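Quick notes on the structure that follows.
None of the values given here were measured: they were computed from a predicted structure. Scope of the values below: all heavy atoms of this structure, side chains included, with no hydrogens, waters or symmetry mates. Just so you know, ligand 1 is whichever comes first in the structure, and atom 1 is the first atom listed for that ligand.
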Amino acid sequence: MTSFDLRKLRLRSGDQVRERVEIELEPLLLAGQEYEPRPNPVSAELAVSRASSGTVLELAFDVSLYGPCFRCLQDAELELALRLREYQATKPESDEERTEYVDEERLDLSAWARDSIALALPDQILCRPDCAGLCPVCGKDLNVEPHEHVEERLDPRWAALNQLREE
Ligand SMILES: [Zn+2]
Ligand SMILES: [Zn+2]
């Protein structure tokens, strides 16, 4: 878990600093499958801007997730470019004026990054947008071996006719 002590920046109203931070990430679970973030730890740029009313926190990083394709289970990669922003009021009067990632001037970078990755995920992670998936009849990968099972699709009336012919 990576956190950042905002106190050590000693910011006064009107100050802004940018820092390179290395954030440790946890694997993500999605539909029972595990997706591994790379690189891990990921290098991110943290910008902290302080005004008298509060602090604006911005975080930018690029990360890829590796795990099985939703359709064919082969390796899939998802690239994400995250540009995040949170606000912490000096004297918060409601939940909107407070970020859940700051506690006692400590910024929880791992939790912020993990939640943001989870929110940025598409419904399905695919090896490619037009992945054909697995054959529902025999389970073979339709990307490698495109095929149909013609026999099962025959109209039963034709099957009966063929039987008559054979007799
Ligand atoms: Zn696939
Ligand atoms: Zn098949």
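Judged by distance alone, with hydrogens and angles left aside, the side-chain atoms of Ser13 form a donor-acceptor pair with the main-chain N or O of Ser52 at under 3.5 Å. Under the 3.5 Å distance criterion, the side-chain polar atoms of Thr2 are matched with a main-chain donor or acceptor of Glu24.
Classification of Lys8 and Asp5 as a salt-bridged pair fails, no side-chain N sitting under 4.0 Å from a carboxylate O.
Annotation: angle subtended at the Zn ion (ligand 1) by Cys69 SG and Cys127 SG is 110°, to 10°. Our summary of the site lists the angle at the Zn ion (ligand 2) between NE2 of His147 and SG of Cys135 as 110°, to the nearest 10 degrees. Atoms NE2 of His149 and SG of Cys138, as seen from the Zn ion (ligand 2), are separated by an angle of 120°, to the nearest 10°. One finds an angle of 110° at the Zn ion (ligand 1) between SG on Cys72 and SG on Cys131, to the nearest 10 degrees.
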**Request:** Report the C-alpha separation of Arg50 and Glu105 in whole Å, then their side-chain angles, then the decisive distance to 0.1 Å, and conclude whether the salt bridge (Lys or Arg N to Asp or Glu O under 4.0 Å) test is met.
**Result:** CA-CA 13 Å; Arg50 183 150 288 178; Glu105 292 284 300; 3.5 Å; yes

